[in-house]
Each structure stands twice: as C-alpha cells, then as structure tokens.
Amino acid sequence: GVRCTDGIQTLVDLAAELDDQTWEAALESALRLRLARVEDVERATQNARRGVARMRRVLALRPPDVPPTESFLETKMVQLARTVPLLPTPARQVPILNARRELIARVDLAWPDLGLFVELDGQHHKDQPVYDARRETAIVAATGWLCARFTWHEVVNAAVATARRLAELADQARHRPLPPSTR
C-alpha cells in the first residue's frame, strides 16, 4: 500500500526539489548503489517536466565514463575541487602500481598529471591511522606524488579553508618535477 518509485523516477522527482550539489550527491549515491545508470538519467531528461535544467547541468559536470564516487564525502570533495581555480577534474578510483606492476592501492581522487592525490578520512576513520600511514607511504614511494589528506570536518564544515589548502598543494605539485616513472 506504500507508493514507491524506482531510482530514475526518484532522481527526477528530487531534481525538481533539491539544489545542484545535493542532487549531485543523490545522483552519485544512486549510481554507486546501481539504482540508476547515467544513460538512463540522461534519457529521463527528455521526458521530465520539472528539474530538467538541474539534471542537465549536473550531468554536464561529470566526465564521460567515470565511475561513481564511493561515498558522500568523496562527492563533496569532487564538488569542492571544482571551486579551485585552474584545478582540472580529478580522476576517480586511480589504481596505483608498484615497480613490479602490482596493485598496491587505489586512490579515490587524483590528478596524475600534477602528481597529487587525495586521502579522505571519514567519520568512521579514527581507528585506522596506522593502516592509512602505511598505505600513504606505499603510494608516495610508488609514485612520488604529493598527498592531500582531509577529514570529514574539513571537507564538509570548512570548505573554504580546505579549498585554499588544496589549491596550495596543487600549486606546489605544479612547481616540482614528477618522477620519470609517473609521466
């Protein structure tokens, strides 16, 4: 007796009610949970009556063929990175290989051409600092990239300061040579 809709219809309905950033978070969540596919959402813009402009605006921000973000925090970081002048869209779920071409890690967000990656520490992250430190060391050793580490609080509650810090790290990355193996 409870009316329900599928993922696509829910996204269409939400597009008429939410702001762009909140709808983008809903979109990424639906994609991550496999409740929708980008092509289905694009097709839905042809028949929707309301929220179409929002849907098209947000979909235009997604690079083609990128995987969905893997968390709300990651979506917020992608949105925050867009506010940093001259910073291109980050690559998502970037595999990091060691010298023997073995996978040592996958980073959520990175700018391989700059030699910069992001590590995000979510709200449930407090109990794994040793694992994180080892992982970060392995990534830096394999790539020579700079690490930009941010907490939930920094991304969600201190976005302006975090964007400024990300811009500084990107600038630092631009002005140093990348190791030959990462070019």
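Side-chain atoms of Leu59 and Leu27, non-hydrogen and from C-beta on, do get closer than 4.5 Å to each other. Residues Leu11 and Trp23 are in side-chain contact: their nearest non-hydrogen atoms beyond the backbone lie under 4.5 Å apart. No side-chain heavy atom of Thr10 sits under 4.5 Å from any side-chain heavy atom of Leu35. Contact check for Ile96 versus Leu103: no side-chain heavy atoms found under the 4.5 Å cut-off. Side-chain atoms of Gln93 and Glu74, non-hydrogen and from C-beta on, do get closer than 4.5 Å to each other. Contact annotation: the side chain of Arg174 approaches that of Leu86 to within less than 4.5 Å [non-hydrogen atoms, C-beta and beyond].
Contact check on Arg62 versus Glu24 returns no salt bridge, with no Lys/Arg side-chain nitrogen under 4.0 Å from an Asp/Glu carboxylate oxygen.
Linking ILVMFWY residues whenever their side-chain heavy atoms come closer than 4.5 Å, directly or via other members, places Leu116 and Leu73 in the same cluster. Follow the hydrophobic side-chain contacts under 4.5 Å out from Val52 and you never reach Ile8; the two are in separate clusters. Criterion: ILVMFWY side-chain heavy atoms under 4.5 Å apart, direct or through other members. Under it, Val155 and Val84 are part of a common hydrophobic cluster. With hydrophobic clusters built from ILVMFWY side chains whose heavy atoms lie under 4.5 angstrom apart, Trp111 does not share a cluster with Val66.
At distances below 3.5 Å, not a single donor-acceptor pair connects side-chain atoms of Arg32 with backbone N or O atoms of Pro68.
No option in Arg92, Arg135, Glu136 other than Arg135 meets the side chain to side chain contact (heavy atoms under 4.5 Å, CB included) test with Val107.
Atom-to-atom distance recorded for Thr69:OG1 and Gln79:CD is 8.5 Å, nearest 0.5 angstrom. Atom CE of Met77 sits about 4.5 Å away from atom CG of Leu166, to the nearest 0.5 Å. In this structure, CG in Leu87 is found 9.5 Å from CG in Leu80, a value given to the nearest 0.5 Å. To the nearest 0.5 Å, the span separating CG on Leu97 from CZ on Arg106 amounts to 12.5 Å. Going from atom CD of Glu154 over to atom CZ of Arg149 covers 10.5 Å, rounded to the nearest 0.5 Å. If you take CG on Leu61 and CZ on Arg56, they are separated by 14.5 Å, rounding to the nearest 0.5 Å.
In terms of heavy-atom proximity, Thr83 sits nearest to Ala163 at OG1-CB, 3.7 Å. For the residue pair Val118 and Phe150, the shortest heavy atom distance occurs at CG1-CD1, 4.2 Å. Taking each heavy atom of Asp13 and Thr5 in turn, the nearest pair found is OD2-CG2, 4.4 Å. Nearest heavy-atom pair across Glu28 and Thr75 is CB-OG1, 3.6 Å. Taking each heavy atom of Ala170 and Leu114 in turn, the nearest pair found is CB-CD1, 4.3 Å. When all heavy atoms of His175 and Asp171 are compared, the closest pair comes out as ND1-O, 2.7 Å.
Counted within 6.0 Å of CZ on Arg176, heavy atoms from surrounding residues, nucleotides or ligands total more than 12; the atom is thus considered enclosed.
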Please walk me through it: do Arg134 and Thr137 pass side chain to side chain contact (heavy atoms under 4.5 Å, CB included)?
CA-CA 5 Å; Arg134 286 185 180 144; Thr137 299; 5.7 Å; no
Taking it one step at a time, do Phe117 and Val94 satisfy side chain to side chain contact (heavy atoms under 4.5 Å, CB included)?
CA-CA 9 Å; Phe117 69 101; Val94 178; over 6 Å; no
